[in-house]
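Bear in mind that the values here come from a model prediction, so they are computed numbers and not experimental data.
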Amino acid sequence: MNLMYSSTRNAEKQVTASQAVLKGLADDGGLFVPEHFPKLAISLDSLAGISYQETAYEVMKLFLTDYTEEELKYCIGQAYDDKFDTKEIAPLREAGDAYYLELFHGATIAFKDMALSILPYLMTTAAKKNHETREIVILTATSGDTGKAALAGFADVPGTRIIVFYPKNGVSAIQEKQMVTQKGANTCVIGIRGNFDDAQSGVKRLFSDKQLEEELTQEGFCFSSANSINIGRLVPQIVYYAYAYGCLLKAGRITAGDPMNVVVPTGNFGNILAAFYAKKIGIPVGRLICASNENKVLYDFFQTGAYDRNRPFVLTSSPSMDILISSNLERLLYHACGGDARMNAKLMQELSTAGRYTVPESMRDAMQDFSGGYATEEETFAEIRRVYEQYGYVLDTHTAVASSVYHKDFSETCGNVPAVIASTASPYKFARSVMSAIDEKYHSMGDFELIDELHRIAGTQIPRAIEEIRNAPVLHDTVIGKDEMEQAVKHFLAR
C-alpha cells in the first residue's frame, strides 16, 4: 500500500509521494503531509552498524512508497557520494557536554546539501513516473543556503530550470558570492530589494497564480519548489537524525531505547520538523529544542501560543534564520490539530490577512515535545568564543545560536540525556562573523584573508566550495523590486 499525501488545507484530495515531490506545493497553497506515520522496519540496535546511505534507504522507503527499491537506491547512491568530503556524510562530533551533528560536508558547505543533493534525482524520477513532459521550473526563495545548494543540485540537469530569489542585503558575502558565480545554462539568480519574507511571499504568490500557471503550461513549463515546503526536501532530513542516533549507539553513549534531545537553529522550521518526524517513526527523540536568533517569532509562539510576524525584521549574523514567516510550522499545526485541515486553513488565512494567529490550548498541549529559546547577537558571539577557547572547536553563527540556547536554558535540566545540536553550516561560510567573535583583531581583514586565518587556527581543511569562488567571475547580477518577480521569471523562461 502506498503512503498517500494530502494538503494541510484540504485533506480530501490525496496524491502519491512522487506526485507531491513533483508539485512541491498543493494547489490550495497548503503543504503536503503524510496520511499517517509509518514505523521504522529495522531495530534501533541495527542503526549502529549501517552506513549513512543504508540509513537513508531504511528511512526514505517509509515515506516514498511509490518509488521502487531500485529507483530509491539509485537516487541515494547518486546523492551521497564524493560530493561530500567525509565518508560519514554527517559526522557527529563531541565537544564538552554536547554532540554537534555536522551537516555541512556537502558541495555548498551547509545543511541544505543533505536534502538538495538528492532532490533533483527524486524529482526527475517522479517526472518519469508521472509521465510529465513539461520542463520543470524550480522556483525558490532563499535566506542564504537553500539557494546555492539548489543551484548546485539542479545545474545542467536535463529537463529542469532553476530560478533563485534572495534578499540582496540579507545574506553573507560568501553566501552571495557562491550564488552569483553559479555556472549552468539553466540557472538564474536574482537579488530582491527586500528581506527573505518578501522573497518567500512572492514565490508563494507565483505558485498560486492560476493564470500564470496556464500561460506556462502552454509554453511547456511547470513550477516546482526546492524549498523545504517540498516534501522531497523534508524526508531526506529525517535521515540524519536516525543516523545521529546510530552514531550515539555505536559510540556507546546510549543503549537502544534511550532518548536523545535535539537542538536546532531554526528559521523556516523544516529542520526541526524533520526531527519531529524522526520521533514519529520510532527514533527516541526526547526534547525538541527550537533555537531562534533575535527574530524570535518561534520562541514567542512556543511561549504563548500566539504567532505574530508583526514586528521589526532584524538582520543578524545568522542570516539563514532571519525569517518571520516559518512555512513548515504549518505542517506541525496540522498534526497538532488532529489533521483538521479547515482549522489549519483558517490559521493560515489569519496569518496572511492579519499577520498573526493564536492556537487553542488543545493544540499547545499537542506540541509539548517542543521548547523554545533564543540567543542575542552578543550571546551568539560569546558562544563561538567559549567553545573555541575551551575545546578548539569552531562553530558557525547559526550553530552557535543553538549551542548558546542549549547551554543557557536547557543543559542543567536535561540530566544525562545526550544533546545532539544540528550544526547547519561550515564556519568558513561565515568567516567574518566567526573570526570577529573569536578575536576583534580579525575585524579589519579581507574575506579570504579571514578564511586562511580560520584554516590556521582551526586546523581544518578549507572547503572546496570556498576555494572555487576565490576568483570566480560574477555570472548573475540582476537586482529587482519585490513586485517585479513575475516579470523576471517570464524574462528568464523566454530565453
Could you tell me which non-hydrogen atom of A199 sits nearest to which non-hydrogen atom of M485, and how far apart they are?
O-CE, 3.5 Å

Fit a plane to each ring of F276 and F37, take the angle between them on a 0 to 90° scale, and name the class: parallel (under 30°), tilted (30 to 60°) or perpendicular (over 60°).
perpendicular

Does the side chain to side chain donor-acceptor pair (under 3.5 Å) test come out yes or no for K148 and Q175, once each step is laid out?
CA-CA 8 Å; K148 175 58 183 179; Q175 285 177 312; over 6 Å; no

Any donor and acceptor pair, going by atom type alone, linking the side chain of S326 with main-chain N or O of G267 inside 3.5 Å?
yes

Sidechain-backbone polar pair: S404 side chain, A375 backbone, donor-acceptor under 3.5 Å:
no

Quick check on H36: does its NE2 atom have over 12 non-hydrogen neighbours (other residues, nucleotides or ligands) under 6.0 Å away?
yes

If you measure from CD1 on I163 to NE2 on H476, what distance do you get to the nearest 0.5 Å?
11.5 Å

With sequence neighbours left out, which residue pairs that include part of residues 385-406 fulfil the salt bridge (charged side-chain N to carboxylate O under 4.0 Å, His left out) condition?
E383-R386

Is the number of heavy atoms from other residues, nucleotides or ligands under 6.0 Å of K280 NZ greater than 12?
no

Give me the ring orientation class for Y52 and Y80: parallel if the planes are under 30° apart, tilted from 30 to 60°, perpendicular past 60°.
perpendicular

Take Y100 and Y391 through the test ring pair (Phe, Tyr, Trp, His ring centres under 6.0 Å) and record every step on the way to the result.
CA-CA 13 Å; Y100 295 88; Y391 309 109; 8.6 Å; no

Decide whether T397 and S318 meet the rule of one side-chain donor and one side-chain acceptor closer than 3.5 Å.
no

Tell me, please, which residues at least two apart from D28 pass side chain to side chain contact (heavy atoms under 4.5 Å, CB included).
S7, R9, N10, A26

With distance as the sole test, does Q368 use its side chain to make a donor-acceptor pair with the main-chain N or O of R364 at under 3.5 Å?
yes

Is any side-chain heavy atom of I283 less than 4.5 Å from a side-chain heavy atom of L47?
yes

Please answer whether the main-chain N or O of M114 pairs with a side-chain N or O of S117 as donor and acceptor at a distance below 3.5 Å.
no

Closest approach of L25 to G29 (non-hydrogen atoms, all atoms of both residues):
CD1-O, 3.7 Å

Is a side-chain donor or acceptor of N230 paired with a backbone partner of G232 at a separation under 3.5 angstrom?
yes

Beyond-backbone contact of V285 with M260, side-chain heavy atoms, under 4.5 angstrom:
yes

Mind checking the CG-OH spacing from L395 to Y388? Nearest 0.5 Å is all I need.
12.5 Å

Test: D197 and R309 ion pair at under 4.0 Å
no

Tell me whether the rings of Y357 and Y307 are parallel (<30°), tilted (30 to 60°) or perpendicular (>60°).
parallel

Do V297 and F301 make a side-chain contact, defined as non-hydrogen atoms from C-beta onward lying under 4.5 Å apart?
no

V314 versus N295, closest heavy-atom pair with distance
O-ND2, 2.7 Å

Please evaluate residues T142 and K112 with respect to the criterion side chain to side chain donor-acceptor pair (under 3.5 Å), reporting the C-alpha separation (whole Å), side-chain torsions for both, the decisive distance (0.1 Å), and the verdict.
CA-CA 11 Å; T142 184; K112 307 296 174 79; 5.7 Å; no

Please check: side-chain N/O of T380 versus main-chain N/O of V401, any donor-acceptor pairing under 3.5 Å?
no

Would you mind reporting whether K482 and F165 have side-chain heavy atoms less than 4.5 Å apart?
no

D447/K177 salt bridge by N-O under 4.0 Å criterion
no

Rounded distance (nearest 0.5 Å) linking atom CD1 of I451 with atom CZ of R432
10.0 Å

For A244 and V420, which heavy atoms make the closest approach, and how far apart are they?
CB-CG1, 4.3 Å

Intermediate values then yes/no, side chain to side chain contact (heavy atoms under 4.5 Å, CB included), V171 and S143
CA-CA 7 Å; V171 300; S143 54; 5.9 Å; no

Could you note down all residue pairs passing side chain to side chain donor-acceptor pair (under 3.5 Å) where residues 242-254 supplies at least one of them, sequence neighbours left out?
E94-R253, Y99-R253

Could you check whether any side-chain heavy atom of L64 comes within less than 4.5 Å of a side-chain heavy atom of L3, counting everything from C-beta outward?
no

Do any N or O atoms from the side chain of N261 and from the backbone of R287 form a donor-acceptor pair under 3.5 angstrom?
yes

More than 12 non-hydrogen atoms from neighbouring residues, nucleotides or ligands closer than 6.0 Å to CD on Q390, yes or no?
yes

Hey, is the main chain of L31 close enough, under 3.5 Å, to the side chain of T8 for a donor-acceptor pair?
yes

F410 meets the ring-ring contact (aromatic ring centres under 6.0 Å, His included) criterion, sequence neighbours left out, with none

Please report the C-alpha distance between K429 and D145 in whole Å, then the side-chain angles of each, then the deciding distance to 0.1 Å, and finally whether the salt bridge (Lys or Arg N to Asp or Glu O under 4.0 Å) criterion is met.
CA-CA 10 Å; K429 200 159 192 171; D145 288 335; 3.0 Å; yes

Determine whether S403 and I421 make a side-chain contact, defined as any pair of heavy atoms from C-beta on separated by less than 4.5 Å.
yes

Side chains of V405 and Y299: closer than 4.5 Å at any heavy-atom pair?
no

Test item: D322 side-chain N/O and T316 main-chain N/O as donor-acceptor pair under 3.5 Å:
yes

Does K408 make a cation-pi contact with Y374, if we ask for NZ or CZ under 6.0 Å from the ring centre and within 45° of the axis?
yes

Closest heavy-atom pair, P418 versus I254, reported as atoms and distance to 0.1 Å, is CG-CG2, 3.6 Å

Any idea which heavy atoms bring R331 and I231 closest together, and the distance?
NH2-N, 3.7 Å

Given the rule in the side chain to side chain donor-acceptor pair (under 3.5 Å) test, do Q200 and N227 qualify, once you have shown the distances and angles that lead to the verdict?
CA-CA 9 Å; Q200 180 169 253; N227 280 81; 4.7 Å; no

So CD of E377 and CD of E379: to nearest 0.5 Å the spacing works out to 10.5 Å

Reported NE2-to-CG distance for the pair H105 and D113, which is rounded to 0.5 angstrom:
11.0 Å

Beyond-backbone contact of V479 with I190, side-chain heavy atoms, under 4.5 angstrom:
no

Among all residues two or more places apart in sequence or in another chain, which pass the side chain to side chain contact (heavy atoms under 4.5 Å, CB included) test with A422?
L103, Y241, V264, P265, N271, T424

CD on Q303 to OG on S371, rounded to 0.5 Å
8.5 Å

Does N416 CG have over 12 foreign heavy atoms under 6.0 Å away?
no

Is the closest basic N to carboxylate O distance between E88 and R93 below 4.0 Å?
no

Checking H398 side chain against A425 main chain: does a donor-acceptor pair fall under 3.5 Å?
no

All ring-ring contact (aromatic ring centres under 6.0 Å, His included) counterparts of Y428, not counting sequence neighbours
none

I'd like to know if R311 and D300 make a salt bridge, using a cut-off of under 4.0 Å between side-chain N and carboxylate O.
yes

